[in-house]
Amino acid sequence: MVASGTRKSAAERRGEIIEIAIEHFALRGYNGTSTDVVAREAGISQPYLFRLFHTKRELFLACHEVMYARIAETFADAARDLPPEERMPAMAKAYSDLLADRTALLFQMQSYAASSEPEIQARVRERYADLVRQVAESTGAEPAQLWEFFASGMLLNVIAALNLEVLAPNEEWAACWVDPSTMLKDAQARLG
């Protein structure tokens, strides 16, 4: 018999599984990730994983919700208590700080890659639209400013994913991009 208080609730298990699955999806993508491997790493059976998440797609979408919430919360925290004109540069800086979490970055990129699945595409598109609306409502930015903000963010994603700062700092083609903080400052000046 299990002692009282030692068993984890389904919600606690779900949280643990999501964190493990995020790492696997980030490295191997949606199609390359095995739910059996995720279950084993979580110390549960695959059937139990499917009791908590009915399908691999549902697990992936739960992971995406967690990652989306982290970005949305980061933007909200960065903008809190600032005048509207200072919010977008603060959000840009906060986002660039998020890029240090390589797992989160790669999962975000894998979310876009998994958009060949219609249900995943719909959810990823919906959450991306939510972020655009959040930034627009918080900052009062015009469509062109929003375009530049999110375009700069995507370029920062690519720079971080390719690890240009570390792997290509002396390569001529990458010289203008190896210091994302410089690009970020330039973007902030244009947006601010």
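For clarity, every value in this text was computed on a predicted model and none was experimentally measured.
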- Between Phe149 and Tyr95, does the ring centre distance come in under 6.0 Å?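 Ring centroids of Phe149 and Tyr95 are no less than 6.0 Å from each other.
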So, do [X] and [Y] sit near enough that their side-chain heavy atoms are less than 4.5 Å apart?
X: Leu146; Y: Met88; result: yes
X: Ser138; Y: Met91; result: yes
X: Thr35; Y: Phe53; result: no
X: Glu16; Y: Ile44; result: no
X: Lys56; Y: Phe25; result: yes

Counting distance only, does the side-chain N/O of [X] pair as donor-acceptor with the main-chain N or O of [Y] below 3.5 Å?
X: Arg13; Y: Ala42; answer: yes
X: Arg102; Y: Ala160; answer: yes
X: Arg127; Y: Glu65; answer: no
X: Gln145; Y: Glu142; answer: yes

Tell me which donor-acceptor pairs under 3.5 Å the side chains of residues 67-74 have, and how far apart each pair is, sequence neighbours excluded?
residue	atom	partner	partner atom	Å
Arg70	NH2	Glu19	OE1	3.0
Arg70	NH2	Glu19	OE2	2.6
Thr74	OG1	Arg70	O	2.7

- Please work out whether the ring planes of Tyr128 and Tyr112 are parallel, tilted or perpendicular, with thresholds of 30° and 60°.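 Plane angle over 60°, so perpendicular.
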